[in-house]
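These notes concern the structure reproduced below.
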Protein chains: 2
Amino acid sequence: MRPREFNHDDVLRIAFDQFWRKGVRGTSLSDIARDAGVQRGSLYNAFGSKEALFLQAYERYAGDYLVALQKALGAGSLRKRLTAFFDLTITNFRSGSPPRGCPTTRGLMELGAAEGEGLDEEARQAFANLVSRITALVRDTLSAGAARGEFSGNSAAAALHIVTVTRGLAVLERAFGDEPQLRKIAAHTIDLVLDKKDR
Amino acid sequence: MRPREFNHDDVLRIAFDQFWRKGVRGTSLSDIARDAGVQRGSLYNAFGSKEALFLQAYERYAGDYLVALQKALGAGSLRKRLTAFFDLTITNFRSGSPPRGCPTTRGLMELGAAEGEGLDEEARQAFANLVSRITALVRDTLSAGAARGEFSGNSAAAALHIVTVTRGLAVLERAFGDEPQLRKIAAHTIDLVLDKKDR
DNA sequence: GGAATATTTGACACGGTGTCAAAAACATGT
DNA sequence: ACATGTTTTTGACACCGTGTCAAATATTCC
């Protein structure tokens, strides 16, 4: 066998970076190939299609992201955990390599991918999967908080609410790019869920 | 002058329909031209570019949508108004012409449009504009409700929260397509904002 | 060294965007 | 009625991106 002349993971990282910055439909395999110093055909040979390449890059990202969220949700009072959760979520919207005005939010990249006819059912499912897993993390955190008397209410409903807000924040970030306001909304959400009186 | 052989508004409606169903990047001007019985070149002559055509179609939609929202927010108790608001929002995700499995949610179409490098700054702004106007409508409704003693709290913050949730719902709809769950989240949000005790 | 195997490479077909000049259709003034 | 000017239509073109394919290439194993 002839060995690969490029590193599989390197390409995934480079590809994700491009997808993130320019959107899935906005980046061509030629772009990625150029950046990675690889021939375009090699990418097709190794990954099959742009869609498949995106899916692999996305899975990689989702895994890292979930680990980070788990860590954020794992220490301190319930309020601190939720605050850390929102912080990480909002930071993640823009964190990464490119400092330039990058138009695509990480948290919504999947939507750019899932625009085609229905071929990208897998992308939709991968995204749904990540949302489900995040929701489960938040739900467990709320349940644990409830057991310690820091929360009274429906953990499942509240978790879904919180995750919905984070997705909404991603959309607003995309539209306004106003991070301070996002943090206000996040704080307000925490207050609502934790039943703070002076809201 | 030679007169147009097609109706400007008809084309806008047909174009919006296609953009909605297949996403902005997923529909070609050839598709729209075929559907409208117009030559592709004529569209370029009349609108300039796909982006410009989308913007016009979107503005048209946004106007109609705002009117409908205003109506939904204008009658009954504050709870009824907010319920009608969420109902309309969720219904709008899928309402329209095509009954087939249409992958793109109306509420997020703009994101598909705003994926490019930065050329589509106008699309981003049009979307931000709609969000702002919706937020203002909700804020005013909450303020009016507060004046009647149906709500106590920060109207601006609550309105932003509510609109954030609707954007999040649009994302979830896209990912799961589970409408009953969306309605549950909406009801939960209303309860949170209106400070219902048994949540 | 030779065979088997996987990767690389370049060419190709196809479709979408956007541009352009020539042809066509109408309104107007004479 | 006819010529003129203006705008739309039409078809051709260049360019770029996706995806496929066969030939060339590099490596491992026997």
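Quick note on labels: first sequence line is chain A, next is B, and so on, each numbered from 1. Just so it is clear, the model here is predicted, and its values are computed rather than measured.
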Problem set entry | Residue of the set A:Thr141, A:Leu137, A:Ile134 for which side chain to side chain contact (heavy atoms under 4.5 Å, CB included) holds with A:Phe85 | A:Ile134

Problem set entry | A:Arg21/A:Asp17 ion pair, N-O < 4.0 Å |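 Counted as a salt bridge, because a side-chain N and a carboxylate O are separated by less than 4.0 Å.
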
For this session: Answer yes or no: is there an ion pair linking B:Arg183 with B:Asp178, defined by an N-O contact shorter than 4.0 Å?
Result: no

In this structure, how many angstroms lie between the [atom2] atom of [N] and the [atom1] atom of [X], rounded?
{"X": "A:Arg25", "N": "C:dG16", "atom1": "CZ", "atom2": "P", "value": "12 Å"}
{"X": "A:Asp31", "N": "D:dC16", "atom1": "CG", "atom2": "P", "value": "12 Å"}
{"X": "B:Phe19", "N": "C:dT17", "atom1": "CZ", "atom2": "C1'", "value": "12 Å"}
{"X": "B:Arg4", "N": "D:dT10", "atom1": "CZ", "atom2": "C1'", "value": "15 Å"}
{"X": "A:Phe6", "N": "D:dA26", "atom1": "CZ", "atom2": "C1'", "value": "15 Å"}
{"X": "A:His8", "N": "C:dT8", "atom1": "NE2", "atom2": "P", "value": "11 Å"}
{"X": "B:Tyr44", "N": "C:dG16", "atom1": "OH", "atom2": "P", "value": "11 Å"}
{"X": "B:Leu53", "N": "C:dT17", "atom1": "CG", "atom2": "P", "value": "11 Å"}

Seminar exercise, completed: The answer to which of A:Glu5 and A:Lys50 contacts DNA chain D further toward the 5' end, by nearest nucleotide, is A:Lys50

For this session: Please work out which of the three classes, parallel, tilted or perpendicular, describes the rings of A:Tyr65 and A:Tyr61, given edges at 30° and 60°.
Result: parallel

Exercise. Within less than 4.0 Å of OP1 or OP2 of D:dT6, is there a side-chain N or O belonging to B:Arg2?
Worked result: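 No, no such contact exists.
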
For this session: Scan A:Ser42 against the nucleic acid and name what it touches under 4.0 Å (heavy atoms): base, sugar-phosphate only, or nothing.
Result: base

Exercise. Under 4.0 angstrom, heavy atoms only, what part of the nucleic acid is B:Phe47 near: base, sugar-phosphate, or nothing?
Worked result: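 No contact.
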
Exercise. Nearest nucleotide by nearest heavy atom, which residue falls closer to the 5' end of DNA chain C, A:Asn45 or B:Leu29?
Worked result: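 Its nearest nucleotide lies further toward 5', so the answer is A:Asn45.
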
Exercise. Where each residue is assigned the nucleotide of DNA chain C containing its nearest heavy atom, which of B:Pro3 and A:Ala46 is assigned the position nearer the 5′ end?
Worked result: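 In this pair, the answer is A:Ala46.
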
Problem set entry | Donor/acceptor link under 3.5 angstrom from B:Arg40 side chain onto base of C:dG18 | yes

Nearest to the side chain of [X] - [options]?
{"X": "B:Gln39", "options": "C:dT9, C:dT7, D:dG11", "value": "D:dG11"}
{"X": "B:Met1", "options": "D:dG11, D:dT7, C:dT8", "value": "D:dT7"}
{"X": "A:Ser30", "options": "D:dT18, C:dG16, D:dA26", "value": "D:dT18"}

Exercise. Is there a donor-acceptor contact under 3.5 Å linking the side chains of B:Asp31 and B:Ser28?
Worked result: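 B:Ser28 and B:Asp31 do have a side-chain donor-acceptor pair below 3.5 Å.
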
